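The shown structure was predicted, so the numbers you read here are calculated from the model rather than taken from an experiment.
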Amino acid sequence: MLKSFDIYNQNNILKIIVALNLLLVGTGSLLYTNRLITRLEAREEQYVQLYAKSIGYLFGSSQANAGDLTFVTDEILKANKTIPAIYVDPEGQLGGALNVDIPEEYNAEQREKLLRQRIVEMRDRHPPLVVDLGNNERGLVYYANSSLLRQLTYFPYALLAILTALGVLAYLSFSASRRAEQNRVWVGLAKETAHQLGTPMSSLMAWVEYMRSDPDQYDGSITDEIEKDVRRLETITARFSSIGSVPTLKEENLNEVVRQFTDYLSKRISTKVKMSVASQLPAGQTVKINRLLFEWVIENICKNAVDAMKGTGELRLTMQTLPNRSVAIDIADTGKGISKKNMQKVFNPGFSTKKRGWGLGLTLAKRIVEEYHNGRLYVKSSEVGKGTTFRIVLNNS
């Protein structure tokens, strides 16, 4: 026996390689940028230390050193043009501020309030530098990172965001390409299957006509059942042929469509499954559908229900109108139910709890209802050990 496997969820090596490369680039950029930031912070702190020492030299020097004061004020104190800094004297009074944006219209009180707020912010980011003024007096210099360093701090996060976006786009692109390739494979396989079925069906129809020509030898009821199955094969062939094409929708009497098809299906499933159809629809209720494809939806859901019940139980179909003029068909079984972890997977291609099967029945059913009929197919309710109810909603407008 061939081992069952999920052909849709195999690991994609290319996706893993792309993801790893993006992760390496992002991590490398983050580490390198953090290293640069650390070095720049150290250099800016040296600049502020020089600024603090200059203040101490300026205010703590005697007149004998006055000749050097011009160098201090012109070359050192004014050299800092990017790093925000605020000097506070030993009495706690503001002694000066560099590179702090203060609106021109601010008065002295507003200016001091703003600078005090900035001091609190600076203190949270860096400890203040002590200025030794001599005579046991010390001032404090508060400072913050320069605008360039702040921009560089946010750069790795912006880079990671860009790389993440590129990774998502790459993933979506790979997924779309993969789905498109899968669709082409399935469409080609379906049409080739329909083509291959044509010859044996023609032969079977000829045999049916031959059997009808000799009713004495061949029982008419047996011939009728064989003919029904041959017609059924023709229907299946037509379904496969229509895959990949836009189906034609027609107004159909929903009561008749469902009842006729379930009458046929009930004779071909387990005799231990009690199948019933209840309708609350008006007798002439019509819905625009493609009959061949819609019967396929009913068949797939019903067969899944029979499998869930292991060939024994009740299968109930209920049709009713909804307040928004839509039509609902509920298909309920008394099977094993669906666990919470599988609730979101039942319509995924390849998902199946059976040892055999490709897990495509419900996927095709959902696609037929939602893409071709502009309706909805979902799990209305399910309880493990008690059963599941699927609901089909078709718009009647």
Is it true that [X] and [Y] fall in one hydrophobic cluster, defined by side-chain heavy atoms closer than 4.5 Å?
X      : Y      : answer
Ile86  : Leu98  : no
Val287 : Val277 : yes
Val257 : Ile331 : yes
Met122 : Leu94  : yes
Val258 : Val393 : no

Between the side chain of [X] and the main-chain N/O of [Y], is any donor-acceptor distance below 3.5 Å?
X      : Y      : result
Asn99  : Ile83  : yes
Glu225 : Ile222 : no
Lys272 : Gly311 : no
Asn374 : Asn395 : no
Gln285 : Asn255 : no
His126 : Tyr142 : no
Asn107 : Gln110 : yes
Asp224 : Asp219 : no

Determine whether more than 12 heavy atoms belonging to other residues, nucleotides or ligands lie under 6.0 Å from atom [atom1] of [X].
X      : atom1 : value
Asn324 : CG    : yes
Gln344 : CD    : no
Tyr378 : OH    : yes

On a heavy-atom basis, which atom in [X] and which in [Y] lie closest, and how many Å separate them?
X      : Y      : result
Val100 : Ala85  : CG2-O, 4.2 Å
Val130 : Arg138 : CG1-CD, 3.5 Å
Arg391 : Ala328 : NE-CB, 3.8 Å
Thr334 : Gly313 : OG1-CA, 3.4 Å
Asn253 : Gly284 : ND2-CA, 4.0 Å
Met275 : Thr262 : CE-CG2, 3.6 Å

Straight-line distance of [X] [atom1] to [Y] [atom2], nearest 0.5 Å:
X      : Y      : atom1 : atom2 : value
Ile289 : Lys250 : CD1   : NZ    : 10.0 Å
Ile226 : Ser221 : CD1   : OG    : 9.5 Å
Lys303 : Ile269 : NZ    : CD1   : 10.0 Å
Leu254 : Arg259 : CG    : CZ    : 10.5 Å
Lys288 : His373 : NZ    : NE2   : 11.0 Å
Ser279 : Ile329 : OG    : CD1   : 9.0 Å

For the residue pair [X] and [Y], establish whether any side-chain heavy-atom pair is separated by less than 4.5 Å.
X      : Y      : answer
Asn304 : Val346 : no
Ile368 : Asn290 : no
Asp229 : Tyr264 : yes
Phe261 : Phe294 : no
Val379 : Thr389 : no
Pro128 : Ile119 : no
Asp333 : Val273 : no
Asp216 : Asp214 : yes

key: Listed once per pair and sorted, the salt bridge (Lys or Arg N to Asp or Glu O under 4.0 Å) pairs that draw on residues 87-114, sequence neighbours left out   = Glu112-Arg116
key: Evaluation steps, side chain to side chain contact (heavy atoms under 4.5 Å, CB included), between Tyr106 and Leu114   = CA-CA 9 Å; Tyr106 272 24; Leu114 176 63; 4.1 Å; yes
task = Kindly assign one of parallel, tilted or perpendicular to the pair Phe390 and Phe347, based on the angle between their ring planes and the thresholds 30° and 60°.
result = perpendicular
inquiry  = With a 4.0 Å cut-off on N to O distance, would you call Arg291 and Glu295 a salt bridge?
reply    = yes
task = Using the side chain to side chain contact (heavy atoms under 4.5 Å, CB included) rule, take Trp207 and Thr223 through it: C-alpha gap first, then chi angles, then the decisive distance, then the call.
result = CA-CA 10 Å; Trp207 279 107; Thr223 305; over 6 Å; no
